Q: 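Here you go, one structure.
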Amino acid sequence: MMKASKNPSSKQAVGTVLIALIGPLTIWALHFSVVYGAHHLVCAALAGNYVGFGMQTTVSVATVAALLALLLLIVKPDVVLRMKRDEAMPKNSRLFLTDVMRLLALLSLFGVLWAGSAAFFFPACMSLV
Amino acid sequence: MTNTTEKQAALPNSLPRPPGEKEELLRIWETPSGWRWITAVNNTVVGLLYLGAAFAFFVLAGLLALVMRTQLAIPENDLVSQDLYNQIFTVHGTTMMFLFAVPAMEALGVLLLPQMLAARDLPFPRLSAFAVWAYIIGGGVFFSTVFYGLAPKGGWFMYPPLTLTEYSPGDNADFWLLGIGFIEISAIAGAIEIIVGILRTRPPGMSLDKLPIFGWSMLVFAGMIVVAFPAVILATMYLEIERSFGWPFFTAAQGGDPLLWQHLFWFFGHPEVYIIFLPAAGLVSMIVPTMARRPLIGYRLIVVALIATGFFSFGLWVHHMFATGIPSLSMAFFSAASMTVAVPSGIQIFSWIATIAAAKDRFRLTTPGLFVLGMLFIFTIGGLTGIMVAMVPFDWQAHDTYFIVAHLHYVLVGGMVFPLFATFYYWAPMLSTRMLSERLGKWCFWLIFIGFNVAFMPMHISGLLGMPRRIWTYSEASGWGPYNLISTLGAYLIGAGVLVFIVDLIRNFRVGQGGQLNPWQAGTLEWLSADLYSTRSIPQVSSREPLWTQPDLSEEVDSGQHYLPNAPTGARETLVTSVIEAKPQYVIQMPGNGWAHVLAAVFTAACFLLLTIKVVAPALVCGVLAILCGLAWVWELDKGPGKGPVDIGAGIELPVYVSGPIGHGWWAMVILMVVAGSLYLSYLFSYLYLWTVAPKVWPSDAGGLPDLKWPALSALLFTAGAAFFAVARRTLPAPGHPHLGTPLLVLLGALSSILAVYLAVGCHWQAGLRPTVSSYGAMVYTDGILTGQLVFTVLIMSLFVIARHFTGKLDRVRCATLENTALLVYYTAAQALVGLVVIHGFPRMIL
């Protein structure tokens, strides 16, 4: 008699799916939260000439970190998506999840780059009016 | 051996099937007749009811739109009073967004997903049925307020301070707050069902890369509901508490800020647009390949686009607030995100166009095909104007004008209503003995398509000419009259189109066992021969369009040659498969028809509605009755392993009872924790936001804060509560050998958590802090409410677990109830600890 697939593979599968489907966009979301949150708090808490420099530095560091993480997902997906070790997983599923993760990382990369570049074009805490 | 015989031998089950098997399935899945019909939980019955109710709300809200357009047809008109007009536009918007669009999509999920996945039903059918009844009762009462002057008047986004008691006295706003908050809970219940259903009840072989696009879109849709809706539930809690008890969340004089409402509302409200659009896009992605008679081009890209759109849509909420005076850098972040979301939306549009262009022979211009093309035209225009208003300078020009009204209708009607009509015509034959009329369908399409453009295209111009939205009447000198008259004529054309559809529906829709099998020659599983039990057997799938690649599949499934062709436990079941590969894992024993969930919905609705009109004691009685009905309903769910492993075919024996991470109940609880987590994150955002707005109301010296020993003791008790449950899990008795250790530990765990909340909240009261004095006090006590309601749930569930123990329904094998309760306890402890650090640590950090 065949038996049903065992529990451990389920846990591993959930992790794999989560990393592939929401990993890249979570990096985008974290970047977005950091730059917006930092902007909100810095402008509320600090004053003076250093605010603009501080914001540019914060946004730059967050952007570079997010871009590097996303590039890693695109160039070396196996580092985070260790599916090759899961011999039970057929090739089509591996390829599908890897491709989806890479494409999501590519979209997130543009999102991060776009939001991150704003710090170099706008004053830190001033309204446009 | 002939080829046919070899092929049959390769299938999971051989023929002939035992006599009486099909009749037993029909008996088990039978829909109750007469007035007991309302106890039904079958997805087809519930889904049709859900969709019918949503469409009824669409028609009602459409009638309100016609009243508004008639009022605005000529300058200085006084057909309706200003007060009534305010109620009408509020109820129109609220109904369309909350009572039509989201429920219609959930209804389609309940109706179509089990068929597409060839599942007997989704895993929590009573939860779906509860959600439907709650929605129908709550929605019906909410909508009826417009007939007796009790409808809210603050617009569908109900901005304070206009909606505070000072400017909106009476119960009108409360009907919105409690009614909509309640309906959102119903939406979350549906979302949990959909997520677990898609991930766990796919047919064997339907790995994630073969999931129909509608499944992907519903997965993203439900995930977005789980994350987005808690924000507006929290916002409605704040506003209702401020209106009822005077806690100043939005009153600037006491450290509150009306913009907090806008942040929370739009954190929900913008994703809401995509919550509505994405399932509709999924429907289009199902219809286009059938009408083009070729597989969808760019399947992976569309999956990526759906997920990316779902995520990016959360980064856009502030683009509704560009005119509130926020710093330009923040506006740039949100402007960038608003433009970024156009990329995945564009991917989907181009994929559909490519598939249509590459159609085998020619794209079939059937009624569903026409509605898809209409959607492409209208939604694309709405998307383009969306990019325009994503740019800050243009948004300032167009903000709160009829340009925005035009834009949002182009997006929502193009993105959701046109696909919905395509859906009606496309999937009607799956449910009806007769197809809808192609002739009337084309009339319906052209009336709606032409009427829509006549109605809404001129609004772009009247908006740019400065006509504000929500305006009751206007002067002739404004020059807006001709544009409004044209818009009104268009609105009546739309109404005529909808009327044609209703006539078509009445003439041709006959509920039965489905009509002509697969009339569009589609490739997906919902076109298998089906009955009350969904499909006779659950097929082994090997491609994205199984009916195209496995031509004999329908006959094989109907004759019971695939998995689970019978009812081995003698009751309703479906197959649960693994997340990625869809390998069979176990068989769910599902609940049947019943009263408990219906009564739970009735009493829950009654509780909320009685609270709205401040009839507190009967409301509490209804609340208690709702909980009791809920417990009666849940009592039957954990059926235990009594039936033993069952044979599903191909020599596979599966258990009928599992617990832990593999079980569908565990998954539902984890998703519920995500809901609670999202709610709490919204709270933390509110706390920090109000501090940045009004730091002066936060404690200015250590004297205003309770001694640290109290939060430390509270933290200890929360940790102890979690530890008691962890130990209780390990001390579960062997079957048939109960002992008092487990219930005692469960009780101690619950009591520890209760005491911990009491200390966490009580120490602030002792220190003299009152929630009505400042936004700081309000935020501190809100933390207590959020944790307190979790602890209350833990208490109820703990008593339930103890009762299960004393009735012999809890042991180390049959332990799903305790495991799920323990999960909630762990989450509660974690949230409470974070809360203690923030509430007691943050003010000391900024001193």
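Letters go in sequence order (proteins before strands), and every chain restarts at 1. The shown structure was predicted, so the numbers you read here are calculated from the model rather than taken from an experiment.
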Q: Within the 4.5 Å heavy-atom criterion, are B:Ile580 and A:Leu97 side-chain neighbours or not?
A: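 Result yes, sub-4.5 Å side-chain heavy-atom pair found.
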Q: Do you know which two heavy atoms are closest between B:Ile307 and A:Leu21, and how far apart they sit?
A: CG2-O, 3.3 Å
Q: Against chain A, label B:Val693 side chain, backbone, both or neither, depending on which of its atoms sit under 4.5 Å from a heavy atom there.
A: neither
Q: Which residue pairs pass the side chain to side chain donor-acceptor pair (under 3.5 Å) test with at least one member in residues 302-321 of chain B, sequence neighbours excluded?
A: B:His263-B:Trp317, B:His270-B:His319, B:His270-B:His320, B:His319-B:Ser338
Q: Heavy atoms, side chains only, cut-off 4.5 Å: are B:Phe314 and A:Leu25 in contact?
A: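 No, their side chains stay 4.5 Å or more apart.
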Q: Can you tell which part of A:Met55 gets under 4.5 Å to a heavy atom of chain B, answering side chain, backbone, both or neither?
A: side chain
Q: Determine the minimum heavy-atom distance between B:Ala336 and A:Trp114, stating which atoms define it.
A: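 Residues B:Ala336 and A:Trp114, closest heavy atoms: CB-CD1, 3.7 Å.
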Q: Check whether any side-chain heavy atom of B:Leu329 lies under 4.5 Å from a side-chain heavy atom of A:Pro123, and answer yes or no.
A: no
Q: Counting only heavy atoms not in A:Gln56 (residues, nucleotides, ligands), do more than 12 fall under 6.0 Å from its CD?
A: yes
Q: Picking from A:Val17, A:Asp99, A:Asn92, A:Val100, which has the most non-hydrogen pairs under 4.5 angstrom with chain B?
A: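 Top count of heavy-atom pairs under 4.5 Å with chain B: A:Asn92.
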Q: Need one label for B:Ser207: side chain, backbone, both or neither, based on atoms under 4.5 Å from any heavy atom in chain A.
A: side chain
Q: At a heavy-atom separation under 4.5 Å, does A:Trp28 approach chain B through its side chain, its backbone, both, or neither?
A: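 Interface part for A:Trp28: side chain.
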Q: Looking only at heavy atoms, what is the nearest atom pair of A:Val59 and B:Phe333, with distance?
A: CG2-CZ, 4.2 Å
Q: In terms of heavy-atom contacts, does CZ of A:Phe110 have more than 12 from other residues, nucleotides or ligands at under 6.0 Å?
A: no
Q: With a 4.5 angstrom heavy-atom cut-off, is it the side chain or the backbone of B:Phe312 that approaches chain A, or both, or neither?
A: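 Both the backbone and the side chain of B:Phe312 come within 4.5 Å of chain A.
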Q: Identify which part of A:Phe32 has an atom lying under 4.5 Å from any heavy atom of chain B, answering side chain, backbone, both or neither.
A: side chain
Q: Among the options B:Gly315, B:Ser335, B:Ala332, B:Ala337, pick out the one with the most heavy-atom pairs lying under 4.5 Å from chain A.
A: B:Gly315
Q: A:Thr26 versus chain B, heavy atoms under 4.5 Å apart: side chain, backbone, both or neither?
A: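 Contact with chain B involves both backbone and side-chain atoms of A:Thr26.
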Q: A:Pro24, A:Ala115, A:Ala29, A:Ser33: which one forms the most heavy-atom pairs within less than 4.5 Å of chain B?
A: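 Max contact count across the listed options: A:Ala115.
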Q: Could you have a look at B:Thr692, B:Thr340, B:Val304, B:Leu301 and say which one has the most heavy-atom pairs with chain A under 4.5 angstrom?
A: B:Val304
Q: When only pairs under 4.5 Å are counted, which of A:Ser108, A:Gly116, A:Ala118 shares the most heavy-atom pairs with chain B?
A: A:Ala118
Q: Check whether any side-chain heavy atom of A:Phe96 lies under 4.5 Å from a side-chain heavy atom of B:Leu208, and answer yes or no.
A: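 In contact.
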Q: Flag the pair B:Phe311 / A:Leu107 as yes when at least one side-chain heavy-atom distance between them is below 4.5 Å, and no otherwise.
A: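 Contact flag for B:Phe311/A:Leu107 side chains = no.
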Q: So which part of B:Val343 gets closer than 4.5 Å to some heavy atom of chain A, the side chain, the backbone, both or neither?
A: side chain
